[in-house]
Amino acid sequence: MNIKVRLFATLRTYVPEATIGATLDVELAEGAHLSDLIARYPFPADLVKLAYVNGIYQEPGFLLHDGDEVGLFPPIGGG
């Protein structure tokens, strides 16, 4: 199945093709979970603090489906 992924903030530094605004196409086996997607990237999994699937916050055990759009975010701070 094909998943569209956007990496935000410092997570992009680990994936050269993940420029600002870029959507990455990732092929996963049917039955893959959000945690399987995260594990495919070279950053430590614990750097992902928020994950959205189709605009809705999801936990790592969420079952992905063909065509899902995922956004992965590191810890974000502000003032």
Side-chain angles (χ1 to χ4, degrees):
M1 69 181 153
N2 185 274
I3 306 297
K4 301 214 178 282
V5 180
R6 290 183 72 185
L7 302 177
F8 291 88
T10 56
L11 294 180
R12 285 194 307 264
T13 62
Y14 292 88
V15 182
E17 63 271 19
T19 57
I20 293 175
T23 300
L24 307 172
D25 290 320
V26 177
E27 285 291 325
L28 293 173
E30 291 296 324
H33 293 90
L34 185 55
S35 59
D36 298 319
L37 172 68
I38 293 168
R40 292 192 53 150
Y41 287 101
F43 45 76
D46 64 345
L47 281 184
V48 177
K49 295 300 179 188
L50 291 171
Y52 287 86
V53 179
N54 303 322
I56 300 170
Y57 171 77
Q58 299 294 347
E59 295 289 335
F62 180 79
L63 181 64
L64 295 169
H65 298 91
D66 187 51
D68 279 346
E69 295 183 12
V70 176
L72 300 177
F73 297 82
I76 298 173

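Values in this document were obtained by computation on a predicted structure and should not be read as measured data.
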Quick one: side chains of residues 37-48, donor-acceptor pairs under 3.5 Å with protein atoms, not counting sequence neighbours, listed by atom name and distance.
{"from": "Arg40", "atom 1": "NH1", "to": "Glu27", "atom 2": "O", "distance (Å)": "2.5"}

Practice task
Give me the ring orientation class for Tyr57 and Tyr52: parallel if the planes are under 30° apart, tilted from 30 to 60°, perpendicular past 60°.
Solution key: perpendicular
Exercise for the section: May I ask you to test the Asp25-Lys4 pair for a side-chain heavy-atom distance under 4.5 Å? Expected result: yes
Handout entry: Verdict with reasoning, Ile20 to Arg12, per side chain to side chain contact (heavy atoms under 4.5 Å, CB included)
Key = CA-CA 8 Å; Ile20 293 175; Arg12 285 194 307 264; 3.3 Å; yes
Completion exercise
Distance col, row Leu72:CG vs Leu7:CG, nearest 0.5 angstrom, shows 5.5 Å
Exercise for the section: Find out whether Val70 and Val26 are in side-chain contact, i.e. whether some heavy atom of one side chain is under 4.5 Å from a heavy atom of the other. Expected result: no
Handout entry: Nearest heavy atoms of Ile3 and His65, plus distance in Å
Key = CD1-O, 3.2 Å
Handout entry: Heavy-atom side-chain contact between Asn2 and Asp66 under 4.5 Å
Key = yes
Problem - Joint hydrophobic cluster, Val5 plus Phe8, side-chain heavy atoms closer than 4.5 Å - result: no
Problem - For the student: nearest non-hydrogen atoms of Glu17 and Ala22, plus distance - result: O-CB, 3.8 Å
Exercise for the section: Give the cluster check for Leu64 versus Leu24: same hydrophobic cluster or not, with ILVMFWY residues linked at side-chain heavy-atom distances below 4.5 Å. Expected result: yes
Problem - CZ on Phe62 to CG on Leu34, rounded to 0.5 Å - result: 8.0 Å
Exercise for the section: Report the distance from atom CG of Leu11 to atom NZ of Lys49, rounding to the nearest 0.5 Å. Expected result: 11.0 Å
